[in-house]
Amino acid sequence: MSAVSPTDPSHGSHTVTARIMLALHLSVLAASVAMIAYITYDTLLNISFVTSPRYLKIQFWIYLFFLTEIFVEFLLSHQKGRFLLRNAIFIIICIPYISIIHHYDLHLSSQAYYLLRLLPMLRAAFVLAVMWGFMSKNWINSMFGAYIIMLVATLYFLSLMFYVEEHTVNPGVTDYWEALWYSVMQMTTCGSSINPVTPTGKVLGVVLSAEGLILFPVFTVYFTHAFGRTRPDGKTTAP
């Protein structure tokens with residue numbers, strides 16, 4: 001098969017599309033990071049977001065931007081049906097639920113509100129994982145990078161939720177760093193001296209431990225593969 005000529009119109013179109021996608025991903029990542037920073041700031045200062053018109057306006061426009069970005073990607077996609085299937089969950093995530101709830105004066109638990117607030121983190125983690133895949137030439141490295149990104153995002157998300165639930169009733173959780181320490185220890189299954197006292201905190205502890213048991217073996221697989229590639233025959237020795 002002959003190589004594509006740099007003067008081929010299809011080659012130029014592909015390059016333009018790739019640049020547009022990169023710009024869209026960078027914009028989504030910047031908007032997500034800004035929103036997560038905003039959420040983290042008012043969470044640590046115990047600021048109520050439900051009564052903040054500024055927050056409602058900011059998150060509405062950011063979610064609208066997310067939906068617009070997905071729509072543009074859909075238009076640029078050559079396999080639109082596959083694109084919709086692959087991004088269905090992110091389309092659902094990017095709906096401005098809090099604005100809808102506030103508009104219709106609906107009432108949810110504080111846990112549900114906080115969960116809805118941190119949904120942009122999933123979109124940001126996904127975009128970062130996709131960008132890592134673009135930059136990595138090896139699919140193993142690409143998958144491992146995506147795994148690390150999702151692991152860190154999940155840890156941060158769950159540690160914030162643990163802090164929100166526990167810091168007002170648990171004497172062992174006086175600041176966010178203790179909640180983060182608990183989350184890291186639970187995820188590594190080492191355990192800590194902090195014991196959750198709320199039902200949500202106990203559930204989060206189980207989720208963190210289960211995630212650690214499921215995901216940490218990926219490290220072993222990755223390093224075994226990396227070690228195997230250093231041998232001349234490409235194989236590892238038996239233990």
- Item | Any F157 side-chain heavy atom under 4.5 Å of M161 side chain | yes
- Kindly indicate, with the supporting measurements, whether the criterion side-chain contact (heavy atoms from CB on, under 4.5 Å) is fulfilled by L180 and F162. CA-CA 8 Å; L180 180 61; F162 185 81; over 6 Å; no
- Query: Shortest non-hydrogen contact from G172 to E178?
  - Reply: O-OE1, 2.8 Å
- Donor-acceptor under 3.5 Å (E166 side chain, V197 main chain): yes
- Within one Ile-Leu-Val-Met-Phe-Trp-Tyr cluster: F83 and F71, side-chain cutoff 4.5 Å: yes
- Message: For I194 versus P196, what's the shortest heavy-atom pair and its separation?
- Response: O-CD, 4.0 Å
- Query: Any chain of hydrophobic side-chain contacts (each under 4.5 Å) joining W177 to V184?
  - Reply: yes
- Query: Does L84 reach the side chain of I91, with side-chain heavy atoms less than 4.5 Å apart?
  - Reply: yes
- Task: Please check if F60 and Y104 belong to a single hydrophobic cluster, counting links between Ile, Leu, Val, Met, Phe, Trp and Tyr side chain heavy atoms closer than 4.5 Å.
- Result: no
- Transitive ILVMFWY side-chain link V152 to M187, under 4.5 Å: yes
- Message: Quick check for you: to the nearest 0.5 Å, what is the distance between L204 atom CG and S159 atom OG?
- Response: 9.5 Å
- Query: Atom CD in Q79, atom CG in L85: separation rounded to 0.5 Å?
  - Reply: 11.0 Å
- Message: Ignoring hydrogens, what is the shortest heavy-atom contact between N170 and N195? Give both atom names and the distance.
- Response: ND2-O, 2.8 Å
- Message: Is there a side-chain contact between E211 and T154 in this structure, where contact means two heavy atoms from C-beta onward sitting under 4.5 Å apart?
- Response: yes
- Does some side-chain heavy atom of V173 sit less than 4.5 Å from a side-chain heavy atom of Y182? no
- Query: Is there a path of hydrophobic side-chain contacts, each under 4.5 Å between heavy atoms of I, L, V, M, F, W or Y residues, that connects V16 with V72?
  - Reply: yes
- Message: Is any side-chain heavy atom of T198 closer than 4.5 Å to one of K202?
- Response: no
- Which class fits the ring pair Y63 and F66: parallel under 30°, tilted 30 to 60°, perpendicular over 60°? perpendicular
- Is there side-chain contact between I20 and L24, with heavy atoms separated by less than 4.5 Å? yes
- Message: Given 3.5 Å as the limit, does a donor-acceptor pair link the side chain of Q186 with the main chain of G205, or not?
- Response: yes
- Measure from the side-chain N and O atoms of S209 to the backbone N and O of V206, and report whether any donor-acceptor pair falls under 3.5 Å. no
